[in-house]
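Every chain is numbered from 1, with letters handed out A, B, ... down the list of sequences.
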Amino acid sequence: MWRRSHSSSYHNTNFRHGFHIICFVHYCVARALARRYPAPDMEPINDQTQARLEKRRKLMEKGIAPYGGRFETSERIADARQNGTDEREVRLAGRVTSHRDMGKSMFCDLKDSSGRIQLYVQKKVLSDEQFDLFKHFVDLGDIIGVTGKLFTTHAGELTVRVESFTILSKSIRPLPKEWYGIKDTETRIRQRYLDLILNDKVRETFLMRSRVIGQIRRYLDERGFIEVETPMMQPIAGGAAAKPFVTHHEALDLDLFLRVAPELYLKRLLVGGYDRVYEINRNFRNEGISRRHNPEFTMLEVYEAYGDYETMMGLIQGMVVSVATNVLDTLVVRRYDGQEIDLRPPWKRISYHELIEERVGKDWFTISPEERKARAIQMGVEFPPNSPDYEVSNAVYEKTIEPTLLNPTFVTHLPTEIVVLAKQNKQDASVVDVFECVINGQEIAPAYSELNDPVVQRDRLLHQAAGHAEKLDEDFLTALEYGMPPAGGMGVGIDRLVMMLTGSESIRDVILFPLLRPQT
RNA sequence: GAGACGGUAGCUCAGCUGGUAGAGCAACGGCCUUUUAAGCCGUGGGUCCUGGGUUCGAAUCCCAGCCGUCUCACCA
């Protein structure tokens, strides 16, 4: 659709006529601007910026706009390469990322978001004046538009023989040469645009992220789930045990919290009768930053009325398989360290108890709590001195077992104490009907058979809030009292899912603008 | 929040036990019409993160601060 609409307007003769008028207007504007701003009052940062500012000024004096406007392309660069037949005329736009000057001719690389193509600029093809303009005024990093015919060089590379060009945006800061790129993590994050221009892999990763999220939406939409949006600013930050960020609403003189989870609002919607809902959006947790943690992160939460944690197993497995198949075209993913993750279903399922027994000894749960502590310390696992018994086992699980689970594993039936919003198991009230889906050694998706008994829910929340009744979300509890259908619910850490699928080592590699301290 | 390591030209990096700051690429001026990290000749370019201290002399040693990286803690 995109290509068709462009080429049709481009080949229209009225448009060509209009284009000349536009060029003339640009010429007049450029002359006027050159008169009004004879010298830029911006302080040059270095010799290179100074040289470029000088070129910008000279272009304006010549009546050439260094910052053009609309430029109709015939296609994207990747399409030109793919459908490249010699002598076909193309009209392309992009950034100049490399150039090789050979005197009376030069080669450049032109890059847009779809790919890269080589340009061949020859003195005998352009006028002397135009060739000179290209040679002396087009720099690395400038955005230009070109027209010309495709041909193949002796080295076998499809190339555009440039017949005309337009400077669309004059870059006044030097762009690092592609070969050396930009490596410093801090610069890459603070100036992510440079990272995206210079590092193909980075651009690819974020493109994949976009496609992953798109495929998740498609998968859920196809199954009758509706996407909703619930508050990011909440009077009480509920749904997860995490420190919230605080903000303030002036007109209401009201402290609000950035949400730590959308859960309690999505459940209100289950009460309201939407029985398949999901939300993909940011959660904010006021805690430390690490390779796996950013203060704001993207979460999918999904609820299915009349389902339970087991229906969620089917959902997440199907979703990840669908995403991997559609976006990566494979179910075997390679990690940054070369290890492979096998996503082929069915995924392993094991209970929390069994898993711990399997890894640290059959007698783990039969020995005394003191012995457990002693053994945990022996294994090098640390925990606060007054930790309750279940936290000792959980520390062992999180420190020594979870990181080793590379292939997808459903760890089911966690202790009741550590999950306050899930239904207790009918046979064994000490555990809840939940799973944690672990992939790549990280918890990717916890899912519950959602607790819908308002009386039990109130007790459990009160217990968690250590008796602080003012921290209870009364409105949520009131909603439950009207009756919430039994439901399966699940949260999927999108950043971690994308890390897994793209083989990224750090969460900062999958978040475009992760939080950094501002530079002073 | 704690510990270890790092910050030198636009980019990537050298610079040892203290002696006036270096390379490649990029920039600028030349030469070169099928190169692709093009090549050749020449020129310019620095708050060595910041502030103190030691010293005749500090990019280098010491102290403090800023920012980052890694590990740990909190957490998903």
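Classification of the A:Y309-A:F435 ring pair by plane angle, with boundaries at 30° and 60°, yields tilted.
You'll find that the side chain of A:I507 is closest to B:A76, out of B:C74, B:A76, B:C67. Here the nucleotide nearest the side chain of A:S105, chosen from B:U33, B:U36, B:A27, is B:U33. Comparing B:U33, B:U12, B:U36 against the side chain of A:T153 picks out B:U36 as the nearest. Among B:U12, B:U69, B:U34, the nucleotide with an atom closest to any side-chain atom of A:I189 is B:U69. When distances are taken from the side chain of A:R496 to each of B:A76, B:U12, B:C28, the shortest belongs to B:A76. Closest to the A:Y120 side chain, of the nucleotides B:U33, B:G68, B:A37, is B:U33.
Nucleic acid contact for A:E287: base, since at least one base atom lies under 4.0 Å from a heavy atom of the residue. Within the 4.0 angstrom heavy-atom criterion, only backbone atoms of the sugar-phosphate kind lie near A:R190; the bases stay farther away. Using a 4.0 Å heavy-atom distance criterion, A:K135 is classed as a base contact. Within the 4.0 angstrom heavy-atom criterion, only backbone atoms of the sugar-phosphate kind lie near A:L516; the bases stay farther away. Among the protein residues, A:G491 comes within range of no part of the nucleic acid, since none of its heavy atoms lies under 4.0 Å from any strand. Note on A:R291: only backbone sugar-phosphate atoms sit closer than 4.0 angstrom, heavy atoms only; bases stay farther off. Within 4.0 Å of A:F131, counting heavy atoms only, lies no atom of the nucleic acid at all. As judged by a 4.0 angstrom heavy-atom cut-off over every strand, A:L194 is placed among residues making no nucleic acid contact. Nucleic acid contact class of A:K123 (heavy atoms, under 4.0 Å, all strands): none. Counting non-hydrogen atoms under 4.0 angstrom, A:N294 reaches a base of the nucleic acid. Using a 4.0 Å heavy-atom cutoff across all strands shown, A:E186 reaches sugar-phosphate atoms only and no base atom. If you check every strand for non-hydrogen atoms under 4.0 Å, A:A242 touches nothing.
Within 6.0 Å of the CD atom in A:E87, the count of heavy atoms belonging to other residues, nucleotides or ligands exceeds 12.
Between the P atoms of B:U43 and B:C48, the separation comes to 25 Å (whole Å). Comparing the C1' positions of B:A23 and B:A14 gives a spacing of 7 Å, expressed to the nearest Å. With C1' as the reference atom, B:C32 and B:G45 are 26 Å apart, rounded to whole Å. A distance of about 24 Å separates the P atoms of B:C28 and B:U35, rounded to the whole Å. Atom name P, nucleotides B:A21 and B:G46: the rounded distance is 12 Å, in whole Å. With both ends at atom C1', the span from B:G51 to B:C66 equals 10 Å, rounded to whole Å. The separation of B:U8 from B:C49, taken at their C1' atoms, amounts to 10 Å, rounded to a whole angstrom. Comparing the C1' positions of B:G1 and B:A73 gives an interatomic distance of 8 Å, to the nearest angstrom.
Both tests pass for A:R268 against the ring of A:Y265: distance under 6.0 Å to the centre and angle within 45° of the axis.
Distances shown here put a side-chain N or O of A:K177 below 4.0 Å from the OP1 or OP2 atom of B:A38. Contact between the side-chain N/O atoms of A:R508 and the OP1/OP2 oxygens of B:C70 is found at a separation under 4.0 Å. Contact check, A:K55 against B:A27: no side-chain N or O comes under 4.0 Å of OP1 or OP2. One finds a side-chain N or O of A:K399 lying less than 4.0 angstrom from the OP1 or OP2 phosphate oxygen of B:A73. The phosphate of B:G10 (OP1 or OP2) has no side-chain N or O of A:R173 nearer than 4.0 angstrom. Taking 4.0 angstrom as the limit, A:R100 places none of its side-chain polar atoms (N or O) nearer than this to OP1 or OP2 of B:U35. Between A:H136 and B:G30, a side-chain N or O to OP1/OP2 separation shorter than 4.0 Å is absent.
Ranked by how close their nearest RNA chain B nucleotide is to the 5' end, A:E382 and A:E296 are led by A:E382. In terms of position on RNA chain B, the residue among A:G288 and A:F107 whose nearest nucleotide sits closer to the 5' end is A:F107.
Looking only at side-chain heavy atoms (C-beta outward), A:F107 and A:T153 come within less than 4.5 Å of each other. A 4.5 Å side-chain heavy-atom check between A:V260 and A:F245 finds every atom pair outside the cut-off. In this structure the side chain of A:V121 never reaches within 4.5 angstrom of the side chain of A:H99, judged on heavy atoms. The shortest distance between side-chain heavy atoms of A:K267 and A:E263 falls below 4.5 Å. Within the 4.5 Å cutoff, the side chain of A:V160 has heavy atoms near those of the A:L150 side chain.
Using a 4.0 Å cut-off between a side-chain N of Lys or Arg and a carboxylate O of Asp or Glu, A:K111 and A:D200 qualify as a salt bridge. A salt bridge links A:R116 with A:E157: the closest approach of a Lys/Arg side-chain nitrogen to an acidic carboxylate oxygen falls below 4.0 angstrom.
As the counterpart of B:A76, no nucleotide is assigned, since no Watson-Crick or G-U wobble pattern has both distances under 3.5 Å. Taking a pair to require two hydrogen-bonding distances under 3.5 Å in either a Watson-Crick or a G-U wobble arrangement, B:U50 pairs with B:A64. Base pairing of B:A2 is made with B:U71, judged by Watson-Crick or G-U wobble geometry with both donor-acceptor distances under 3.5 Å. Base pairing of B:A23: its partner is B:U12, meeting the Watson-Crick or G-U wobble criterion (both donor-acceptor distances under 3.5 Å). Here B:U17 sits opposite no nucleotide as a Watson-Crick or G-U wobble pair (both hydrogen-bonding atom distances under 3.5 Å). When Watson-Crick and G-U wobble pairs are counted only if both distances are under 3.5 Å, B:G39 pairs with B:C31.
Atom NZ of A:K243 is separated from atom C1' of B:A76 by 15 Å (rounded to the nearest Å). Atom CG of A:N394 and atom C1' of B:A76 are 13 Å apart (whole Å). Going from atom NZ of A:K170 over to atom C1' of B:A27 covers 12 Å, rounded to whole Å.
Side-chain atoms of A:E157 and base atoms of B:U34 include no donor and acceptor less than 3.5 Å apart. No hydrogens or angles were tested; on distance alone, nothing pairs the side chain of A:T185 with the base of B:U69 as donor and acceptor under 3.5 Å.
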Tabulate atom names and distances for all N/O pairs under 3.5 angstrom spanning the protein and nucleotides 39-44 of chain B.
{"unit_1": "B:G44", "atom_1": "N2", "unit_2": "A:D47", "atom_2": "OD2", "d": "2.2"}

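For A:T404 (side chain) and A:I401 (main-chain N/O), a donor-acceptor pair under 3.5 Å exists by modelled atom type. A:K135 places a side-chain N or O within donor-acceptor distance of the main-chain N or O of A:G103, the cut-off being under 3.5 Å.
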Review point. Could you walk me through whether A:R372 and A:D389 pass the side-chain contact (heavy atoms from CB on, under 4.5 Å) check?
Key: CA-CA 8 Å; A:R372 262 194 292 279; A:D389 191 40; 2.8 Å; yes
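Remark: ring of A:F297 overlaps the six-membered base ring of B:A76 in a stacked fashion, centroids less than 5.5 Å apart, planes less than 30° apart.
Each of A:K201, A:R203, A:R188 was scored for a salt bridge (Lys or Arg N to Asp or Glu O under 4.0 Å) with A:D195, with one residue passing: A:R188.
Against RNA chain B, the stretch residues 414-423 of chain A makes no heavy-atom approach under 4.0 Å.
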